[in-house]
Amino acid sequence: MLRVLAVDDEKPLLEELLYLLRSDPRVRSAEGACDATGALRRITRALESGPDGPDGIDVVFLDIQMAGLTGLDIARLLGGFARPPLIVFVTAHEGFAVQAFDLKAVDYVLKPVRPERLAEAVRRARALLGRPDGAQQPAPEPAVPDRRTPVPPAGTGTDAGAVERVPEQIAVELGGVTRFVAIADIAYVEAQGDYARLHTDGGSHLVRIPLSTLEERWAARGFVRIHRRHLVALGRIDELRMEAGTTSVRVGSAELQVSRRHARDLRDLLMRRATG
């Protein structure tokens, strides 16, 4: 069972977070700190005690925007220790996600906190600490509501020509609101740490799912990898430029670099599409 510390300088939000954590049977104890100073004082005691000591802390659920030191500042300080507690950021702002995962955060939970989303963060922390939830199956990625239906193996009595179903939409969470973005509206995807940013004509959306996973899932929809950081919908490419040994594509107003190892395949794909 986990020993956790919750840190938030807004008392009602801290109390709600502690209530949810204490309601989880996988959490042995949940303490609270209402500012960075109190959090550091408690974490210092935990570090002196050691992870197996009586004052140890397994996970810190940490707000980001606080008076004085921010949650990111605290995480940077903890990164200097050999065996710090794990960090789960709990914030109303999606814009710090890349920094958070650069600091080795276990998870990034958006406010208002939903119990099932917090439960998933607890599961991830337990898994990293070597305490998986028994035979419980991993919870689905919160950013993707639909899984592709796997092709049944031969001989199961299903149509041999059946193919995997690709979801029509992807769910995007922001501040407790879930929006459903049509995959057909996405022009390209940009890797941002453990997240991916979906670019559409109307703006961009951050989801927690690796670019490599989207590459695999959306290949049937015409998305191709052009760079370690970019996945592009073939039908949204307006121009292919090859100059001075470099290759790039224009997608709307964005110009994206194409890596050398992807350049020839991309050119061939575009030519085949153009010639029918």
Side-chain angles (χ1 to χ4, degrees), residues 8 10 12-13 16-17 20 61-65 71-72 88-102 105-124 138-149 164-227 229-238 251-254 256:
D8 197 313
E10 296 186 58
L13 298 180
E16 174 67 13
L17 181 57
L20 293 173
F61 288 81
L62 188 57
D63 187 21
I64 290 182
Q65 291 192 316
L72 295 172
V88 172
F89 285 106
V90 183
T91 177
H93 307 280
E94 71 164 10
F96 299 106
V98 174
Q99 295 176 65
F101 285 101
D102 283 345
V106 173
D107 209 343
Y108 193 89
V109 179
L110 288 173
K111 299 176 181 176
V113 178
R114 294 182 291 110
E116 62 272 21
R117 185 65 186 86
L118 188 64
E120 167 64 6
V122 170
R123 184 196 68 76
R124 289 178 177 173
E141 288 283 354
V144 183
D146 298 315
R147 298 294 187 185
R148 291 184 299 173
T149 305
E164 296 184 1
R165 181 180 61 83
V166 182
E168 297 288 333
Q169 298 174 313
I170 183 168
V172 177
E173 294 187 17
L174 177 59
V177 176
T178 301
R179 295 185 59 191
F180 297 94
V181 177
I183 295 172
D185 291 340
I186 298 168
Y188 68 96
V189 187
E190 179 183 6
Q192 293 191 346
D194 286 349
Y195 276 64
R197 184 168 292 280
L198 314 176
H199 292 266
T200 69
D201 293 337
S204 67
H205 311 276
L206 200 65
V207 294
R208 190 180 187 205
I209 184 167
L211 194 67
S212 58
T213 301
L214 292 178
E215 177 185 10
E216 178 185 347
R217 291 178 179 172
W218 292 356
R221 288 192 168 274
F223 281 82
V224 295
R225 190 73 164 259
I226 64 167
H227 189 275
R229 291 193 59 200
H230 291 118
L231 186 67
V232 176
L234 276 177
R236 301 297 290 271
I237 295 176
D238 300 311
V251 181
S253 61
L256 308 175

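All values below come from the heavy atoms of this structure, side chains included, with hydrogens, waters and symmetry mates left out.
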- Message: Could you measure the distance from the CG atom of Leu62 to the OH atom of Tyr108? Nearest 0.5 Å is fine.
- Response: 11.0 Å
- Query: Which residues pass the side chain to side chain donor-acceptor pair (under 3.5 Å) test with Glu16, sequence neighbours left out?
  - Reply: none
- Non-neighbouring partners of Gln65 that pass side chain to side chain donor-acceptor pair (under 3.5 Å), sequence neighbours left out: His93
- Note on the structure: Sorted by chain and number, sequence neighbours left out, salt bridge (Lys or Arg N to Asp or Glu O under 4.0 Å) with Asp107 holds for Arg117, Arg124, Arg208
- Item | Atom pair CG (Asp8) and OG1 (Thr91), whose distance is rounded to the nearest 0.5 Å | 9.0 Å
- Is any side-chain heavy atom of Asp63 less than 4.5 Å from a side-chain heavy atom of Leu17? no
- Task: Could you check if a side-chain atom of Asp185 sits within less than 4.5 angstrom of a side-chain atom of Asp201, using non-hydrogen atoms only?
- Result: no
- Message: Distance check, rounded to the nearest 0.5 Å: His230 atom NE2 versus Leu256 atom CG?
- Response: 5.0 Å
- Message: Using the side chain to side chain donor-acceptor pair (under 3.5 Å) criterion, which residues pair with Ser212? Sequence neighbours excluded.
- Response: none
- Message: Between Ile186 and Arg221, is there a side-chain heavy-atom distance shorter than 4.5 Å?
- Response: no
- Query: To the nearest 0.5 Å, how far apart are CD1 in Ile170 and CG in Leu198?
  - Reply: 5.0 Å
- Message: Looking at every heavy atom in both Ala121 and Val88, which two are closest together, and how far apart are they?
- Response: CB-CG1, 4.1 Å
- Item | Any residue meeting salt bridge (Lys or Arg N to Asp or Glu O under 4.0 Å) with Asp102, in chain and number order, not counting sequence neighbours | none
- Residue list, side chain to side chain contact (heavy atoms under 4.5 Å, CB included) with Leu211, at least two apart or on another chain: Val189, Ala191, Arg225, Leu231
- Measure across Ala187 and Val251 and return the closest heavy-atom pair with its distance rounded to 0.1 Å. CB-CG1, 3.7 Å
- Message: Would you say that Leu20 contacts Val113 through its side chain, given a criterion of any heavy-atom pair below 4.5 Å between the two side chains?
- Response: yes
- Task: With sequence neighbours excluded, tell me which residues meet ring pair (Phe, Tyr, Trp, His ring centres under 6.0 Å) with His199.
- Result: Tyr188
- Note on the structure: In terms of heavy-atom contacts, Ile209 and Ala196 come closest through O-CB, 3.5 Å
- 4.5 Å side-chain heavy-atom contact, Lys111 and Leu13: yes
- Taking side chain to side chain donor-acceptor pair (under 3.5 Å) as the test, write out the residues that go with Arg197, two or more places apart. Gln192, Ser204
- Return the set of residues passing ring pair (Phe, Tyr, Trp, His ring centres under 6.0 Å) with Phe96 (not counting sequence neighbours), or none when no residue passes. none
- Message: Is any side-chain heavy atom of Val122 closer than 4.5 Å to one of Phe61?
- Response: yes
